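Being a predicted model, the structure only gives us computed values, none of them experimental. One is the number of the first residue; the rest follow in order along the sequence.
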Amino acid sequence: MEQANSVRPDGEPKAGILAHLEGLEAQMSRPCKRSKELQQARAEESALGTKIHELRRLRDKLRAEVNQQRARGKASSANVESGQTVEIGEQEVLERKQESVKAILQAYRFTGLSGKQTSRGVCVCISTAFEGNLLDSYFVDLVIQRPLWIHHHSIPVFIPLEKIAAKYLQTDVQRFLFSLCESLNAYAGRKYQADRLQSDFAAFLIRPLQRNSLCNLLSFTYKVDLMGQSSFCARLLYKDLTATLPTDATVTYQDSLLGTEALSALREEQRASHEALFCTKPLHQVFASFAREEELDLSLAS
């Protein structure tokens, strides 16, 4: 044993049993160390994999939320644009209606329609006339918005303004104005004839002329000669409110000073001719022809 632990004379240990053992021990410890390092690397790799998976899940969640927000933003933008489109569309319709009314007034100002633009829309003036005689004028103040409506007007209450507006105002402004103009001109024409009869031919009337506010029903008793030997009773009905000539004319013969015998053929022919005249000529023109006949009879008698 002593020899085994002895040292050589130069001071160097004997052949290194211990060194050999240490080498073996070191060799044996390397696999263990490598194994630990491998386990540690695997643990770190697993942790990193878990972290990567979590980060990917979080990325996908955030990406989905971003896509949802973009979709909502696009939908909101589309709604806004759609609303703006509707507003623009309505505005364009109103502007077109306003331009249409202005064009109508410009094109037909010589037919009795005129007007001017207002802050709300347009004020239309309708001038009536009959046989070249300018008569009364009326106005309608239109507000051009959706829907169109009448702010105020001077149309007589017996003119069917509401009926005409309900039929045409929202769909055809031109037709509305023309229909209203037609009704007003017809009324003015009937009134003009009745006024002329009362003022210019009162001598032919036995009793005052009777008429309603619309002047579409007239009745009067008249004579065709100033001596009053023959008289008639007339009833004129204007069923068409856009007409200046009656649709129905009824003339009856009145008793005269000559007696109450059956009507002579001459008087019956005269009565029938009067009915035809009232339906084909303005009222004052019919009585003007009676006046000419009276003048002719007087000239022949003299």
Side-chain angles (χ1 to χ4, degrees), residues 127-138 155-160 181-302:
S127 299
T128 59
F130 185 74
E131 294 183 329
N133 300 290
L134 294 177
L135 304 175
D136 297 327
S137 296
Y138 306 92
I155 307 300
V157 294
F158 42 80
I159 298 295
C181 184
E182 190 177 30
S183 295
L184 288 171
N185 269 292
Y187 158 70
R190 295 192 299 268
K191 182 177 181 295
Y192 175 81
Q193 295 176 61
D195 291 342
R196 286 286 304 273
L197 175 59
Q198 286 184 309
S199 63
D200 298 350
F201 305 100
F204 287 88
L205 297 177
I206 297 175
R207 286 189 293 271
L209 169 70
Q210 295 181 349
R211 56 179 168 177
N212 60 356
S213 57
L214 195 53
C215 291
N216 70 323
L217 179 60
L218 308 178
S219 62
F220 50 91
T221 302
Y222 63 97
K223 54 191 177 184
V224 293
D225 60 85
L226 297 181
M227 298 300 293
Q229 296 299 312
S230 59
S231 60
F232 300 87
C233 182
R235 182 179 184 272
L236 308 182
L237 177 62
Y238 303 76
K239 292 181 179 179
D240 183 1
L241 298 183
T242 64
T244 56
L245 293 176
T247 52
D248 293 323
T250 304
V251 177
T252 57
Y253 184 81
Q254 301 294 301
D255 290 343
S256 68
L257 297 176
L258 297 177
T260 59
E261 296 85 3
L263 293 177
S264 66
L266 179 61
R267 294 304 184 197
E268 175 60 24
E269 182 181 350
Q270 194 175 29
R271 184 199 66 79
S273 69
H274 288 186
E275 286 186 349
L277 285 172
F278 288 137
C279 288
T280 55
K281 288 185 177 182
L283 191 56
H284 58 284
Q285 291 186 14
V286 174
F287 277 88
S289 66
F290 293 162
R292 287 192 295 270
E293 290 178 2
E294 177 68 15
E295 292 175 358
L296 180 60
D297 291 341
L298 290 175
S299 64
L300 291 176
S302 61

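For Y138, there are no side-chain hydrogen bond (donor to acceptor under 3.5 Å, both in side chains) partners, not counting sequence neighbours. Considering only residues two or more places apart in sequence or on other chains, Q270 meets the side-chain hydrogen bond (donor to acceptor under 3.5 Å, both in side chains) condition with R267. Scanning for side-chain hydrogen bond (donor to acceptor under 3.5 Å, both in side chains) contacts around T221 gives R207, with sequence neighbours left out. Residues satisfying the salt bridge (Lys or Arg N to Asp or Glu O under 4.0 Å) criterion with D195, sequence neighbours excluded, are K191, R211. A search for side-chain hydrogen bond (donor to acceptor under 3.5 Å, both in side chains) contacts involving Y187 returns nothing, not counting sequence neighbours.
S199 contributes atom OG, which lies 11.0 Å from atom CG of L209 (distance to the nearest 0.5 angstrom). Atom OG1 in T250 sits 6.0 Å away from atom CD in E275 (nearest 0.5 Å). Considering CG of N212 and CG of L218, their distance stands at 7.5 Å, rounded to 0.5 Å. To the nearest 0.5 angstrom, S273 atom OG is 9.5 Å from E268 atom CD. Within the model, atoms CG of L237 and OG1 of T247 stand 5.0 Å from one another, a figure rounded to the nearest 0.5 Å.
Closest heavy-atom contact between L184 and P156: CD2-CD, 4.0 Å. The nearest pair of heavy atoms linking C279 to L245 is O-CD1, 3.7 Å. Taking every heavy atom of both residues into account, Q193 and P282 meet most closely at OE1-CA, 3.1 Å. Residue G189 comes nearest to T244 through the heavy atom pair CA-CG2, 4.2 Å, listed as atom of the first residue, atom of the second, then distance. Closest of all the heavy-atom pairs between F201 and A291 is CE2-CB, 4.5 Å. Closest approach of S231 and I206 over heavy atoms only: CB-CD1, 3.3 Å.
Of the possible polar contacts, one joining the N133 side chain to the F130 backbone as a donor-acceptor pair under 3.5 Å is found.
Counting heavy-atom neighbours within 6.0 Å of Q210 CD, excluding the residue itself, gives a total of 12 or less.
Side-chain contact between R235 and L217: present, with at least one pair of heavy atoms (C-beta onward) separated by less than 4.5 Å. Contact check for L205 versus L197: side-chain heavy atoms found under the 4.5 Å cut-off. Side-chain atoms of N216 and R190, non-hydrogen and from C-beta on, do get closer than 4.5 Å to each other. The shortest distance between side-chain heavy atoms of L214 and I159 falls below 4.5 Å. Residues L283 and F278 have side chains in contact (heavy-atom distance under 4.5 Å, counting atoms from C-beta outward).
In this pair, Y222 and H274 present their aromatic rings tilted. The plane angle is within the 30 to 60° band. Taking the six-membered ring where the residue is Trp, F287 and F204 present perpendicular rings, their angle passing 60° and hence far from 30°.
Residue pairs meeting the salt bridge (Lys or Arg N to Asp or Glu O under 4.0 Å) criterion with at least one partner in residues 236-246, sequence neighbours excluded, are K239-D248.
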